[in-house]
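I have placed the structure first, in the form of structure tokens, so that the comments after it can refer back to it.
Scope of the values below: all heavy atoms of this structure, side chains included, with no hydrogens, waters or symmetry mates. Chain letters run A, B, ... following the sequence lines, proteins first, then strands; residues in each count from 1. No experiment lies behind these values; they were computed from the predicted model shown.
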Number of protein chains: 2
Amino acid sequence: MFTLSEENYLKTIYHLELETNKGISTNAIAEKLATKASSVTDMIKKLSEKEVVIYKKYKGVKLTDLGKKSAANIVRKHRLWEVFLVEKLDFSWDEVHEVAEQLEHIKSSKLIDQLDGFLNFPTHDPHGDPIPDRDGNLKTIEKSLLSTLTKNESGICVGVDDSSSEFLQFLDKKGITLGKKITILDKEDFDDSLSILIEDKKLSISNKIANNLYMKKS
Amino acid sequence: MFTLSEENYLKTIYHLELETNKGISTNAIAEKLATKASSVTDMIKKLSEKEVVIYKKYKGVKLTDLGKKSAANIVRKHRLWEVFLVEKLDFSWDEVHEVAEQLEHIKSSKLIDQLDGFLNFPTHDPHGDPIPDRDGNLKTIEKSLLSTLTKNESGICVGVDDSSSEFLQFLDKKGITLGKKITILDKEDFDDSLSILIEDKKLSISNKIANNLYMKKS
DNA sequence: ATATATTTTTAGGCAAGTCTAAAAATAATA
DNA sequence: TATTATTTTTAGACTTGCCTAAAAATATAT
Ligand SMILES: [Mn+2]
Ligand SMILES: [Mn+2]
Ligand SMILES: [Mn+2]
Ligand SMILES: [Mn+2]
């Protein structure tokens, strides 16, 4: 169906579309894929031929329904494999992305259906990101950045925005993992840093951190 | 390290070398890979550059130690994934090969080590083929073709020579699976067909079948 | 040993995916 | 609005892996 390269472009456009509803620019794609704008233009033409994107010169691209479904399926595979690696093979959440980038391209619908069942139909990956269902639909849960909580509010940590391994390792070091309860003890006005209670430990975290942690208010 | 294509060539040469100890001919490789001799010559030069094969024009190729180790590692991955698919994801033994052909190219030593442990360090794949260890060594067990057993001899079915899905499905239909005890009741001289006892069922099988089943004598 | 057949290599070409440099279109600014 | 800056596209080239057709080497048969 799609080449490895085509799949990577599809996925990138899919992720970019979740952030805006405008057309996705050539440059935006090039940057995410660490490639050149001219290469992107070439590939966009191919994707347009295959009817997974709508392309008008100089106007950027948009995924068609087929394109969205195809991209969601790749994301589904990526996230299911991440769950597998963490749950079954004892990978930590900062190690899975690279391998999942490879595994997401394996072509076998039976494989992914069986894997889904083997993992007990997980709804979220190790970083708190939702796993699309077979039709490409994903149910978004109510979540807010930790930085938007006010003093004395509390919630459960349900996801990360930045899932770079540096950030994830930093969180591990601080004892911040998904599922933990966090309460805002205090907010510093001059640098927006937070004093929080996590489980029963007091911790001080910067605004940058708070901007990358998703909470489910409770 | 190696491209997908290079890995497939390495694996093919590796398998061919297990059958003979002469140099592997260009044509033999071409046939196994369903490609053209000229393409093989091209690739052989690249592999030779990378020092995984010794190549002398018109004389065929031989794997170097590095080449053997690299190839064995791909075979190791292939067979471990086949075990995973059968043991954990309920694939049948005739469905796994195609998917394993893809999975064997995933690059992550942690992945394969953990998978090995997760599967309890299996020594053989679902077709009875040995799984190379991390250093590329494989211990061959004592096994004989069913067709070489004599009347009243018996053994355990431990492997198949042909693992095409047609053959495997045929075996399923006849109730012949690995681990079952088989006794030779009679041999027909004129067509070399066999009358066998499998578990407690009598069965008549052709010489062609008997030539594709490996037994451990008991 | 010579002629014929087969195998292997070389030569040249093609598609995918990438790149650089230059041209064209669009956006931003004075 | 005219000019400058940025973005995007085109043109041409490169690498990988494959192909066909022809040449060269090796093997087989008379
Ligand atoms: Mn990921
Ligand atoms: Mn993830
Ligand atoms: Mn196989
Ligand atoms: Mn096998």
*So B/Val99 and B/Trp81, side-chain contact (heavy atoms from CB on, under 4.5 Å) or not? Walk me through it.*
CA-CA 9 Å; B/Val99 185; B/Trp81 280 116; over 6 Å; no
*Give the intermediate values and the outcome of side-chain contact (heavy atoms from CB on, under 4.5 Å) for residues B/Lys88 and B/Leu119.*
CA-CA 9 Å; B/Lys88 304 294 184 180; B/Leu119 300 171; 4.0 Å; yes
_Please evaluate residues A/Lys107 and A/Glu7 with respect to the criterion salt bridge (charged side-chain N to carboxylate O under 4.0 Å, His left out), reporting the C-alpha separation (whole Å), side-chain torsions for both, the decisive distance (0.1 Å), and the verdict._
CA-CA 11 Å; A/Lys107 281 158 185 72; A/Glu7 290 193 343; 3.1 Å; yes
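For C/dT6, neither phosphate oxygen OP1 nor OP2 lies less than 4.0 angstrom from any side-chain nitrogen or oxygen of B/Asn27.
Within residues 10-21 of chain B, no residue places a heavy atom under 4.0 Å from DNA chain C.
B/Gln114 places a side-chain N or O within 3.5 Å of a backbone atom of A/Leu89 that can act as its donor or acceptor partner. Between the A/Thr12 side chain and the A/Asn8 main chain, a donor and an acceptor come within less than 3.5 Å of each other.
One interatomic measurement links the two molecules: CD1 of B/Ile24 to P of C/dT8, which rounds to 11 Å at whole-angstrom precision. Taking atom CD of residue A/Glu31 and atom P of nucleotide D/dT8, one finds them 11 Å apart after rounding to whole Å. As rounded to whole Å, 15 Å separates atom C1' of C/dA16 from atom CD of A/Glu49.
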Sequence neighbours excluded and cut-off under 3.5 Å, please list the side-chain donor-acceptor pairs for residues 27-42 of chain A, or say none.
from	atom 1	to	atom 2	distance (Å)
A/Thr41	OG1	A/Ala37	O	3.2

*Per-nucleotide protein contact string for nucleotides 9-25 of chain D (B base, S sugar-phosphate only, - none; heavy atom under 4.0 Å)*: BB-----SBBBB----S
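Taking the charged nitrogens against the carboxylate oxygens, B/Glu104 and B/Lys11 do have a contact shorter than 4.0 Å, which makes a salt bridge.
Counting non-hydrogen atoms of neighbouring residues, nucleotides and ligands closer than 6.0 angstrom, the NZ atom of B/Lys69 reaches no more than 12 such neighbours.
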